[in-house]
Amino acid sequence: METKVNYALVGAFVVVFSAALVAGVLWISSGRSDRKETATYVAYFEESVSGLNPRAPVKYKGVTVGFVQAVELDPEDPERVRLLLAIEKGVPIRRNTVAALSVQGLTGIAFLDLEGGTKESPLLEPAGPDGPPVIATRPSLFRRLDAATSSLIADLSQAAQSVNGLLDAKTRASLQRTLTDLETV
C-alpha cells in the first residue's frame, strides 16, 4: 500500500522552515539592540602587555565602558605597544585620566583600567585630523612591585657591603675580645 505524498506541500514546508532558520540566525547574530556608540582612543605602553587581547574590557572605576580594539607594536617606536580602544561616548575621559594594565582576581584575565580624571581637568577631545586622542598610561601594579623589589634588593646588598666593610679582621678580633670580657664579667 502506497502513501500519497503531496510534494508541493513538503517543498513549501522546507522553504519556509529554511527561511525562518536563516532569519533567526541573522537576528541573533547581528540584532544586538544594546550596542552603544563608541569613540576611539589610543594608549601607549612601554612595558609588556602579555595577556591583554583584542576585545579585552576597558574599565573605568570598575565599570566596563569599552573594549580593546587592537594590540600592536607602535610603527614609529617598536619599543612601545599601541592599544586602540573603543570607549562608549559620554564616558568622562579627561586629560589627567590614566590607563593601567590590570588582572582580574585569580583568573589572571587582563583588562585595561582607567583611573583618575578630576572634575577640574578638561575632557579629552574626540578624534581630530591628528588621529584619536591619547590616554596617558602608568606602569601596572606588577611592574611597580618589580621595580620596588629590585630597589629593595639593591639597598640590602649595599647595606651588606657596608657591614662587611666595618667588620674587617681587626674589628672582628676586638668584638671577640669584648664578648669574652662580657662572659667573664
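Because the structure is predicted, anything quoted here is derived from the model rather than measured.
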| query | Do the side chain of Ser18 and the main chain of Val14 share a donor and acceptor less than 3.5 angstrom apart? | reply | yes
| Got Val68 and Val58 here, is their nearest side-chain heavy-atom distance under 4.5 Å? | yes
| query | Does a sphere of radius 6.0 Å around CD in Glu79 hold more than 12 heavy atoms from other residues, nucleotides or ligands, not counting ones at 6.0 Å or beyond? | reply | no
| query | Are Val98 and Tyr41 connected in the hydrophobic side-chain network, where two residues link if heavy atoms are under 4.5 Å apart? | reply | no
| Which residues pass the side-chain hydrogen bond (donor to acceptor under 3.5 Å, both in side chains) test with Thr171, sequence neighbours left out? | Asp168
| request: List, by chain and then residue number, the residues other than Phe111 in its hydrophobic cluster (Ile/Leu/Val/Met/Phe/Trp/Tyr, side-chain heavy atoms under 4.5 Å); write none if there are no others. | output: none
| said: Looking at every non-hydrogen atom in both residues, tell me the closest pair between Ala56 and Ala110 and how far apart they are. | reply: CB-O, 3.8 Å
| request: Locate the shortest heavy-atom distance separating Lys59 from Thr64; write the atom from each residue and the value. | output: CE-OG1, 3.7 Å
| message | How long is the straight-line distance from CD of Glu88 back to CZ of Phe67, given to the nearest 0.5 Å? | response | 10.0 Å
| said: Please find the pair of heavy atoms, one from Ala39 and one from Lys89, that lie closest to each other, and give the distance. | reply: N-CG, 4.0 Å
| Are side-chain heavy atoms of Ile87 and Tyr60 found at a separation under 4.5 Å? | no
| Quick one: hydrophobic cluster around Tyr44, which other residues, with the 4.5 Å side-chain cut-off, linked directly or via members? | Val42, Leu84, Val134
| field | Non-hydrogen side-chain atoms of Leu52 and Leu83 separated by less than 4.5 Å | value | yes
| task | Return the minimal non-hydrogen interatomic distance between Ala43 and Thr137, and the atom names on each side. | result | CB-CG2, 3.9 Å
| said: Contact between Leu26 and Val22 at the side-chain level, heavy atoms closer than 4.5 Å - yes or no? | reply: yes
| query | Got Leu114 and Val91 here, is their nearest side-chain heavy-atom distance under 4.5 Å? | reply | no
